[in-house]
Each structure stands twice: as C-alpha cells, then as structure tokens.
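Note: hydrogens, waters and symmetry copies are ignored here, and every other heavy atom, side chains too, is used.
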Amino acid sequence: MVKIISRTYVGQVNVYDIGVENDHNFVIKNGFIAANCFNKSHSTAYAYVTYQTSYLKANYPLEYMAALLTANSGDTDKVRKYLDNCSNMGIVIDAPDVNRSGLDFTPVDGKILFGFSAVRNVGQNAIASILEAREESGELVPFKSLADFCDRVDLRAMNRRTLESLINCGAFDKIQANRNQLIHDLELVYEWAQSRARDKASGQGNIFDLLGGGLAGNNHQPQKNAYESAPKAPPVNDLPPQEKLRMEKELLGFYLSDHPLKSIRQSSSVLAPINLAQLAEQKDDSILCAVVMLNNVKKVVTKKGDSMAILQVEDLSAASEAVVFPKTYERISSLLEVDARLIIWGKIDRRDDQVQFILEDAETVETVKMILVELSPQQAGTIEEQHRLNTILKAQAGDKDKSRIPVIGVVQAGDHREIVRFGRQFWVQDSGTAVQALQNGRFPAHIKQLTSG
C-alpha cells in the first residue's frame, strides 16, 4: 500500500479505468505516477453483489441474517452489530440449546437459533459429538437431563470446561433453568459418566446401574433410563441474574437472554432520555446524560504523565466510545470497573467525522437517587409557584460538584402524568434536607432509587 502525497494533471492519455480522462493520476514517492484503475467491471461486480444482498435481506431477512451471523461468528464485534440489526428488524435470537442448536446460526420457527460455533470453549469436536449423540439411527432423540447428556456424548471430545460453558451460556436452560444447580451436579455427574464410559468400553456393568436397577429381568439388558440413577448434588439456589448475565457475556461476547439495563429502562429514561444511538444527532458541547454498561477500560498515560482512560460503553440501543480526561479520571477512576452499570454525563465531540462522548462525571446506578416533586397543574402553570420552587431548589443546590441528586417534577392532571426534568443547576446535595425543604414549602416530594424501577 502506497501513500498518496500529491495529485497532479499530467495530460490526456488513453486510460482503461472508469472513463475519467482528466486528473486521474497520482504522484507517489520519487516522482512516480500511479493511475486510478478502479475499472468498470470491478464496480459492476460490487453493484451486482449489493443488489443481491439487498434483495435477500428484504425478502428473506431471517435466512439472510442467520447466514451473516454464521459467516462472522468468530468476530464478536460484528456479531454484536448484526444482533443489534436483528433487534431493530424485530428478529428474535434464541439462546443456544443442546437439543436444538447446530453448528451455525439457524432460522427456526420465525426466530434465529444461536449456533454452537459462536460459544467460547466449545470446539468442533465437541459440537460434532453433541450432534451425533442427539441423533440415533437418523432420528432426533432429545437429551433429558445433564446426566443423560454426559452419558451419551463422547467425553473424550468434551472436557469439564466445555460442559461448564454450555451450562453458563444457557444451553441447558430448557432442561434445567437453575444453572447453579447444574454446575454443582456436574462435579458428580461427570465422574459418573466417565466411569460408565470406561465400563462400556470394557464390556462390564457399572455399580450405579446395579444399585439403580440397571439390569432388567433375566435378559440382562441395560435399563433405558440409566441416567436417572446418576448422583446429584444437594439443592442450591440459582445464581443472581447479574452473575448469570456476566457469565453469559463472557462466553457469547454479549448479553443474549436479557440485559442488565432492561430492569431499569423505564426509570432511567426519566434521567437519560437520549440513548447512545442518538449521539450523532446531538449538538456539539451540549450536556448529555446516559445510563450505560461499562464493557472495557483502557488506561492511557499522557505525555505529562497523567492518567486518563478510553471506555467502551453500551446501552440498549448501541455501543460507543467515551473519553475520560485526567482531571475527571482522578475523581471517578474507582467507579470504572468492567460490567458496572453507570449513569454518565458529558459532551459530544466530533473529530474526523467520528462522534465521541467526553465523559465529565459518572455514578453507579445502584447509588443514584432522585427526588420526585408532585405538582398540581395550577402550581406548574403559575409563574409565582414556579419561582418559589426554583428558589427552594437553588438554596439546596450547594456546591456544583457535590450536587449529584436529580430533581424530577411530576405533574398530575387526571389520569395523565407529565414528567418535567429540572436542569442540573437545580440538582441538590442532600436528599433528606431537600425533601424536607420542599415539603415545608407545600411541594409534596419523596426520594426514589433509580434501581427500584
């Protein structure tokens, strides 16, 4: 690849490219001339492929997106982008399933079924073993339990780490929804299945089969449901939703069955009406607020030796990059933990047609409080009442850097409620004192946690 350092007209010559006769040559290093040779046949081929893919996406969206996901299953960023496209198109993605998934992403019943090839720690040999064990004499025989699965697959192609990955990504959820129970059972079941595999290879019976009635009648045929005699761990509670999603993301590269921000979508929209997909539409230097998941933190040291960071964040609409300059980083660095749910404030910066979020402040959503002020239509529409409310709030604002509690007005008119977001200049420093001051001023108010829904 050469770098173009200048471009000049060198006269008319016969060319065999896109038909441009003037100003189509480029001066490169040492005075050599390079011609722009993007020929007609090449551009025609691009146009034809564009038409074909557009036609397929418009007329066979399910099949097209499944093929696109499969072709890029090894690239997490591209898969995430195409999954977002599926969501915008109304296409549902089903989680991996040991009884239904195949190697690739597959259209099934109006949805796209997640393919095993995109699950980390699940190799080609393990996938082949699952598919082979699932079909007996050309007929699909679903797995009934974790023990049944371990008993039928070839454990030489599937180690314990692979099984843990399948459990934690949700591939066994249709069989047993308690992933934590399956992980505990696996400690016992894996050894049980290995012992059975060794006995089968040597042609001997297994003590668990004998104790569980594995021999039937005088013909000594093995019991069909031998997996029912497999040992199990004592009952345990399932993992917390946040932990299940964290492990799911670790294995799939993104959240699939749910998203940590979904549970607070309604309440967070009160504070952050703009999502990341809308950043490019906002004016430069306007103060914006967003509720995001922190996916990655890249620490950078400036020429002066100061620390700053470049963050990868996402919400329910898109992923974006956020820059934290040294002064802000020094103040909020302790909050910048991967997988943290944050509410962030900042400005838009445009450079080279790229939109960046310049982060100026952040707080974990678990600590965010709001003050809700109930207003009657008369109070909301009277200038004197508005002035009185502004006076109370400004008196409670205090130091700008320490005023981190938003104030939301709720105007109730019959069955209709109107939300009024007060500017940051009206945010308060102490929630208890502010609520008391508002109530003393005959403005009913109360404190609400963002994560309480």
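- Arg160 contributes atom CZ, which lies 7.0 Å from atom CD of Gln194 (distance to the nearest 0.5 angstrom).
- From Leu294, atom CG reaches atom OG1 of Thr364 across 12.0 Å, with rounding to the nearest 0.5 Å.
- Shown here are the salt bridge (Lys or Arg N to Asp or Glu O under 4.0 Å) partners of Arg417, two or more places apart in sequence or in another chain: there are none.
- Screening Arg179, Gln181, Lys244 against Asp238 for a side chain to side chain donor-acceptor pair (under 3.5 Å) leaves a single residue, Lys244.
- For Ser145 and Asp148, the side-chain atoms include no donor-acceptor pair closer than 3.5 Å.
- Here Leu56 contributes atom CG and Tyr51 contributes atom OH; the two are 9.5 Å apart, rounded to the nearest 0.5 Å.
- Pairing each heavy atom of Thr162 with each of Ala126, the nearest pair is CG2-CB, 4.1 Å.
- Between the side chain of Arg120 and the backbone N or O of Glu250 there is at least one donor-acceptor pair closer than 3.5 Å.
- Evaluated for a side-chain contact (heavy atoms from CB on, under 4.5 Å) with Glu363, the options Val365, Thr367, Asp361 yield exactly one hit, Thr367.
- Exactly one of Val189, Val236, Asn178 qualifies for a side-chain contact (heavy atoms from CB on, under 4.5 Å) with His184. That residue is Val236.
- Not a single salt bridge (Lys or Arg N to Asp or Glu O under 4.0 Å) links Glu164 to another residue, sequence neighbours left out.
- Within 6.0 Å of the CG atom in Asn59, the count of heavy atoms belonging to other residues, nucleotides or ligands exceeds 12.
- For the residue pair Asn121 / Ser165, a side-chain donor-acceptor distance below 3.5 Å is found, with atom types taken as modelled.
- Aromatic ring orientation, Tyr255 versus His259: perpendicular (interplanar angle above 60°, classes split at 30° and 60°).
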